[in-house]
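Inspection log for the structure reproduced underneath, given as structure tokens.
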Amino acid sequence: MVSAIRGKFGKPFIIALKPPGDDGVAGGIDLEMASAINTLLAVHAEDFDLLTSVWGAHARSLHLHLPDAHGPRHPYPEDIKALRSAHPGIAASAIGYLTDPVERETALTNGTSDVVFLGRPLITDAAFPNKAAEGKIENIRYCVTCNSCWRSIIEAGALACDNNPKVGEPDEHFVAPPAVTSRRHVVIIGT
Ligand SMILES: Cc1cc2nc3c(=O)[nH]c(=O)nc-3n(C[C@H](O)[C@H](O)[C@H](O)COP(=O)(O)O)c2cc1C
Ligand code: SF4
């Protein structure tokens, strides 16, 4: 299938594969099996550009698929390194709760991965890559891993985001709050 897609679109059309990494459930695919799958895919390494992994591919391990603030940030560097080391010739991508440009840069420089993917951070701010590249980190609208986007897809079939009310609209990345004309004291109550 990968070879057919490469044959149809050629290069430099980027093809990234996302086979299971660790399902996180007994009897599911674990790291060892994931590595065996990657070995089979590596036979066609000429036909794709990148490998990443699905973490927590079962309904019962959704908390691993969409890691949130109940657990550590960027929880998979060691697993990613383990899979990557078995196939050093293939570019590997980190994914999973890397919501900050500094964390992402670290993953690139400390040997975790060659590329870092954006999942939810791109839903919250489609301009994340540009803002990071321009050093305008303070302008990034951050993903808070509330996972409302997932619920909106599953329950309503349409993407919504707690931190980006215009997600999916053509001008979503141009949104900026209007400049205030008069200052006020504001009290925020609650958490
Ligand atoms: C709304 C939504 C839809 C997703 N759909 C898919 C999908 O169809 N296939 C897939 O492999 N991962 C899917 N994911 C998972 C992401 O690709 C990614 O693995 C996950 O969000 C963790 O990365 P992040 O922390 O950068 O968001 C989805 C995630 C979200 C939030
Ligand atoms: S709804 Fe928005 S802020 Fe919440 S997890 Fe999804 S992308 Fe992040």
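All values reported here derive from a predicted model rather than from experimental measurement. Computation of the quantities below employed the complete heavy-atom set of this structure, encompassing side-chain atoms and omitting hydrogens, waters and symmetry-equivalent molecules. Both counts, for ligands and for their atoms, begin at 1 and track the order of listing.
- For the pair Lys131 and Glu134, the salt-bridge criterion is not met [side-chain N within less than 4.0 Å of a carboxylate O].
- Within the 4.0 angstrom cut-off, atom 12 (N) of ligand 1 has one or more protein heavy-atom neighbours.
- Of all the heavy atoms of Pro121, the ones lying under 4.0 Å from any atom of ligand 1 belong exclusively to the side chain.
- The closest donor-acceptor contact from the side chain of Asn147 to the backbone of Leu66 lies under 3.5 Å.
- Ranked by closest heavy atom to atom 3 (S) of ligand 2, the top entry among Leu122, Val144, Leu159, Leu66 is Val144.
- Counting the atoms of ligand 1 from 1 in the order shown, those under 4.0 Å from a heavy atom of Tyr97 are 24 (P), 25 (O).
- Residue side and main chain included, Cys143 places an N/O/S atom under 2.8 Å of atom 8 (Fe) of ligand 2.
- Checked by distance only, ligand 1 and Cys149 stay at 3.5 Å or farther apart across all their nitrogen or oxygen atoms.
- For the pair Trp150 and ligand 1, the shortest N or O to N or O distance does not fall below 3.5 Å.
- Looking only at distances, no side-chain donor or acceptor of Asp30 sits under 3.5 Å from a matching main-chain atom of Asp23.
- Protein heavy atom nearest atom 5 (S) of ligand 2, with residue, atom name and distance: Asn147 N, 3.1 Å.
- Of all protein heavy atoms, the one lying nearest to atom 7 (S) of ligand 2 is Thr124 OG1, 3.2 Å.
- Set against the non-hydrogen atoms of Leu66, the atoms of ligand 1 under 4.0 Å away are 20 (C), 21 (O), 29 (C), 31 (C).
- Heavy atoms of Ile123 found under 4.0 angstrom from ligand 2 belong exclusively to the side chain.
- Contact atoms of ligand 1 toward Arg120: 21 (O), 24 (P), 25 (O), 26 (O), 27 (O), 31 (C) (distance under 4.0 Å to a heavy atom of the residue).
- Atom 1 (C) of ligand 1 lies below 4.0 Å from at least one non-hydrogen atom of the protein.
- Of the protein's non-hydrogen atoms, Cys149 SG, 2.3 Å is the one closest to atom 6 (Fe) of ligand 2.
- At distances below 3.5 Å, at least one donor-acceptor pair connects side-chain atoms of Ser152 with backbone N or O atoms of Ala158.
- Atom 6 (Fe) of ligand 2 has no N, O or S atom of Cys161 inside 2.8 Å of it.
- A donor-acceptor distance shorter than 3.5 angstrom exists from the side chain of Ser85 to the backbone of Ala82, with no hydrogens or angles considered.
- Here the heavy atom of the protein found nearest to atom 4 (Fe) of ligand 2 is Cys146 SG, 2.3 Å.
- Given atom 9 (N) of ligand 1, the protein heavy atom at minimum distance is Lys18 NZ, 4.7 Å.
- Nearest residue to atom 26 (O) of ligand 1 from Cys143, Gly119, Gly56, Ala94 is Gly119 (criterion: closest heavy atom).
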